[in-house]
Amino acid sequence: MNIIWTRSIVSLVLLAAISAAIGAIAGVRAALTFAVVMLVVQACFSTFHTQRLWRLLDAPVYGEVPSALGIWGEIYYRLHKLAKRWHAQVRQVEQQHSRFIQAIQASPNGVAMLDDHDQIEWCNAIAEKHFGLDAKRDLRQHITHLVRQPDFIRYLNSHHYEEMLIMRGMGENRQRTISVQVFPYGEHRKLILTQDITELERTDSMRRDFVANVSHELKTPLTVLSGFLETLRELPLDEADRMRYLDMMDSQATRMQNIVRDLLVLANLEGDIRPPGDELLDMRAVFRHLEEDANSLSGGRHRIGFDVDDSLTVAGAETEVVSALGNLVTNAVRYTPEGGAIDVTWQRENDRAVFMVKDSGPGIAAEHIPRLTERFYRIDRSRSRDTGGTGLGLAIVKHVLQRHHAELDVKSEVGRGSTFIVRFPASRTALRKSLAA
Ligand code: ADP
């Protein structure tokens with residue numbers, strides 16, 4: 001039997017026993033009066049607490065437990081326990097919900113939820129940015145009233161969402177490309193995921209351009225080579241002509257070899273995620289090497305000066321540094337006409353080692369300077385080709401310097417020569433004294 005029945009029966013039995021005792025002492029009338037009064041008191045007590053409970057359920061105040069005697073005290077206590085458990089559960093669900101929202105907010109992708117009428121129920125900050133929405137202002141708005149691009153409206157209404165939609169001219173400044181995909185869920189609801197693919201598209205098109213450029217660069221010498229081969233095979237040539245053709249074929253083959261060599265160097269640099277090492281370079285040997293190369297390339301047609309601070313060195317990968325600095329020196333020689341001057345310096349500037357190569361060549365117009373380190377970017381195509389250039393030299397320089405956290409600065413004016421400056425960071429710069437130590 002449950003506690004309510006037990007208590008009610010006990011109190012009735014008690015009332016009956018007391019009434020019987022009163023009846024035996026003071027007569028039946030007194031006993032009945034006592035019983036009726038007690039029953040009325042109990043009915044009033046119950047009615048008071050029923051009403052109190054009613055009010056409590058109507059407007060519960062969490063944490064307030066009314067006190068009462070007997071069974072009502074027990075009821076209030078149990079109700080309080082129940083409310084406490086519910087409160088804890090609600091708090092747990094709220095915390096889960098807010099963690100879930102935080103996770104979606106942290107996502108690099110845009111997320112928007114639409115109800116069964118395509119009205120915005122919720123969206124994260126990235127989706128706001130992609131679609132130009134305001135999550136608070138635009139809540140419950142029909143999404144096609146806000147994202148009005150015909151492509152998007154057509155896609156949303158098509159109900160075929162297997163493929164994603166690419167939207168151009170989106171986001172801030174209308175310069176971003178966004179991929180959008182709809183995922184239906186629940187009862188006619190939709191989840192929209194968006195992703196900014198501007199960079200992806202850019203690298204994709206760079207890759208395509210690169211393949212086209214490489215093919216183009218190799219196509220020309222290959223066409224020339226096969227033309228010569230055909231001539232050699234079909235025309236009766238005397239020995240002198242034959243040698244001339246063979247020489248020309250040799251130079252085309254060398255050109256292709258140089259392109260492939262530089263492409264491999266670039267690929268290795270790009271693919272190498274390891275830092276370039278921190279051995280201190282023997283700059284005296286490096287500059288001896290650069291000077292020999294510059295003089296042999298110039299063949300005495302230029303005045304070449306080297307002003308090198310021997311005590312200054314840098315930490316890095318020797319082959320990479322030699323290739324980068326060497327590229328800048330050979331460029332200066334290759335692009336400077338006969339009789340010109342080339343000055344190379346290696347000096348300390350504050351705590352940084354600075355390499356500078358200054359030539360009296362044709363100079364470079366300002367609009368070309370930011371693009372010089374792009375692969376296959378050339379200003380003077382024929383000069384580049386005639387002097388054995390591949391169009392990849394400065395791209396290699398850029399990669400080597402990036403790996404060494406060094407900066408390239410180009411100062412040039414058309415007709416007034418060019419200066420290529422490389423600044424190594426202080427963290428990689430050292431003095432020979434420390435090399436000896
Ligand atoms: P290339 O193999 O054609 O020399 P680079 O990447 O080394 O390729 O250089 C890119 C372009 O920058 C060159 O084609 C040339 O037009 C220009 N350039 C580089 N160095 C100089 C310089 N010292 N003077 C003038 N133009 C230069």
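Hydrogens, waters and symmetry mates play no part in the numbers below; they use all other heavy atoms, side chains included. We count ligands from 1, going down the list as the structure has it; atoms in each ligand are counted the same way.
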Exercise. Would you say Asp380 touches ligand 1, if touching means a heavy atom closer than 4.0 Å?
Worked result: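 True for this residue.
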Exercise. For ligand 1, is Gly361 a contact, meaning one of its heavy atoms is under 4.0 Å away?
Worked result: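 No; Gly361 lies far enough from ligand 1 that no heavy-atom distance drops under 4.0 Å.
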For this session: Taking the side chain as every heavy atom from C-beta outward, state whether Arg202 and Glu199 have any pair of such atoms under 4.5 Å apart.
Result: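 Yes - at least one pair of side-chain heavy atoms lies under 4.5 Å apart.
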Exercise. Does a side-chain heavy-atom distance below 4.5 Å link Gln195 with Leu200?
Worked result: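 No - every pair of side-chain heavy atoms lies 4.5 Å or more apart.
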For this session: List for me each residue that meets side chain to side chain donor-acceptor pair (under 3.5 Å) alongside Arg334, sequence neighbours excluded, and say none if there are none.
Result: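 Once residues adjacent in sequence are excluded, the partners of Arg334 under the side chain to side chain donor-acceptor pair (under 3.5 Å) criterion are Asn331, Thr387.
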For the side chain of [X] and the backbone of [Y], is there at least one donor-acceptor N/O pair under 3.5 Å apart?
X      : Y      : answer
Thr373 : Leu394 : no
Ser412 : Gly417 : yes
Asp58  : Trp54  : no
His117 : His142 : no
Arg174 : Gly171 : no

Problem set entry | Salt-bridge contact Arg375-Glu217 (side-chain N to carboxylate O under 4.0 Å) |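 No, Arg375 and Glu217 are not salt-bridged.
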For this session: Run down the list Ile259, Leu328, Asp359, Val397 and name the one with the heavy atom closest to atom 23 (N) of ligand 1.
Result: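 Checking each option, the heavy atom nearest atom 23 (N) of ligand 1 is found in Asp359.
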Exercise. Evaluating non-hydrogen atoms only, which member of Gly389, Ser418, Gly391 is closest to atom 8 (O) of ligand 1?
Worked result: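 Answer by nearest heavy atom: Gly391.
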Say whether [X], considering both its backbone and side-chain N or O atoms, lies within less than 3.5 Å of an N or O atom on ligand 1.
X      : answer
Phe420 : no
Ile379 : yes
Asn327 : no

What protein heavy atom is closest to [atom], reported as residue, atom name and distance in Å?
atom                    : answer
atom 12 (O) of ligand 1 : Leu372 CD2, 3.4 Å
atom 11 (C) of ligand 1 : Tyr377 O, 3.5 Å
atom 14 (O) of ligand 1 : Tyr335 OH, 3.2 Å
atom 3 (O) of ligand 1  : Ser384 OG, 2.5 Å
atom 5 (P) of ligand 1  : Leu394 N, 3.6 Å
atom 19 (C) of ligand 1 : Asn331 ND2, 3.6 Å

Exercise. When you look for heavy atoms under 4.0 Å from ligand 1, do you find them on the side chain of Ile364, its backbone, both, or neither?
Worked result: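 Answer for Ile364: side chain.
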For this session: Quick one: look at Arg334 and ligand 1, take heavy-atom pairs under 4.0 Å, and tell me if it's side chain, backbone, both or neither.
Result: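 The part of Arg334 near ligand 1 is the side chain, not the backbone.
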Exercise. Counting from 1, what ligand 1 atoms have a heavy atom of Gly393 closer than 4.0 Å?
Worked result: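 Taking each heavy atom of Gly393 in turn, ligand 1 has 5 (P), 6 (O), 7 (O) under 4.0 Å.
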For this session: Could you list which atoms of ligand 1 come closer than 4.0 Å to a heavy atom of Thr390?
Result: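 It comes down to these atoms of ligand 1: 2 (O).
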Exercise. Yes or no on side chain to side chain donor-acceptor pair (under 3.5 Å) for Ser107 and Asn109, after CA distance, side-chain angles and deciding distance?
Worked result: CA-CA 5 Å; Ser107 150; Asn109 297 335; 4.7 Å; no
Exercise. Parallel, tilted or perpendicular for His368 and Tyr377, by the 30°/60° rule?
Worked result: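 Rings of His368 and Tyr377: tilted, as their planes differ by 30° to 60°.
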